[in-house]
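This chain uses plain numbering: 1 for the first residue, then up along the sequence. In each ligand, atom 1 is the first atom listed, and ligand 1 is the first ligand listed.
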Amino acid sequence: MTHKVFVTRQIPEAGLAKIRAATDCQVWPERMPPSTESLIQGAKGCDGILTLLSDRIDADFLEAVGPQLKVISNFAVGYNNIDVHETTRRGIVVGNTPDVLTDATADIAVTLMLAAARCIKKGIENVSQQQWLTWEPMEFIGQDLRGKTLGIVGMGRIGQATARRCHFGWGMQILYTARSGKPQAESEMAASHVSLDQLLAESDFISVHTDLNPGTTHMFSTSAFQAMKPNCVFVNTSRGGVVDEDALYEALTSGSIFAAGLDVSDPEPLAGNSKLRDLPNCVIVPHIGSGTTSSRNAMAEIAADNLLAGLSGNPLRHQVEA
Ligand code: GLV
């Protein structure tokens, strides 16, 4: 029996070719995501769907598409777009694509740290707006990384990869918060497991790698930013929902922190009228953490394998648990 599948966006051929070969598959052809209605329309009567992090999969969606659905394969490591309690309750398996984007995402975290620390946005604007008039002894003065303290919030795979780059590259001391201690990181790079309060108070750089859940939503609020050092560079490559954007704006404009680098926002895309857009000390890129050829190809392969395994009732390569 050929399974019916809906793929909610064009993804690399490395995965799509496998899906086409094994299923009766429809691929959403547009650049913009399907609306809720189109998502339901596309998935109705399907045995499996391949989703992106911008597709909201909740109880209403699952109710509307009907009981045929067996597997949801998310083309992402994060899966906060899926109500996993609801899928579990309905016996639908959910897959994700960890590991293969760890290095790419850690590279973007470090890119943002450097860019924000060294006033790169202001420098690029200076050149593009024909303001590079002379060598400026007192302008574009940033922060060093060498020997500074980096606080990692969420010491999973990507947090550790970011810490490794900074510890071995710039001799940075590593503080971290996590649900459990990470003995490997402690012995490898003398990382210290600390409270969030200590991390906020002592870090010169803070890089966020936690997942988004009710406990981490808006964990970076006014009080968190006020607890940071004035030279602090704050970087978020996890999910926009962990940050209260108004509080971040206030922190960046009042001087309570030095700069920020963001790969994620809430909502995504960043609101057209977000006040963060025009701040010279806020570097923002459009959620490109996993954006390398090899990461995206590998994500596509894993997502395809997860989908096909779920359709045939086999264990997924990476299955998400509620
Ligand atoms: C990207 O943010 C992902 O979760 O893969």
Engineer: Are the charged groups of K122 and E125 less than 4.0 angstrom apart, N to O?
Structural biologist: no

Engineer: Residue by residue, ordered by chain and number, which ones reach under 4.0 Å of ligand 1 with a heavy atom?
Structural biologist: L53, A76, V77, G78, L101, R239, H287

Engineer: Pairing donors with acceptors under 3.5 angstrom, does anything connect the side chains of T149 and Q173?
Structural biologist: yes

Engineer: Pairs under 3.5 angstrom only: tabulate donor-acceptor contacts from the side chains of residues 59-71 to other protein residues two or more places apart or in another chain.
Structural biologist:
residue : atom : partner : partner atom : Å
E63     : OE1  : R90     : NH1          : 3.4
E63     : OE1  : R90     : NH2          : 2.9
Q68     : NE2  : D47     : OD1          : 2.5

Engineer: With under 30° as parallel and over 60° as perpendicular, where do the rings of F6 and W28 fit, or are they tilted in between?
Structural biologist: perpendicular

Engineer: Centre-to-centre under 6.0 Å for F234 and F205, is that the case here?
Structural biologist: no

Engineer: Looking only at the side chains, is there a donor atom on one of S221 and D244 sitting less than 3.5 Å from an acceptor on the other?
Structural biologist: no

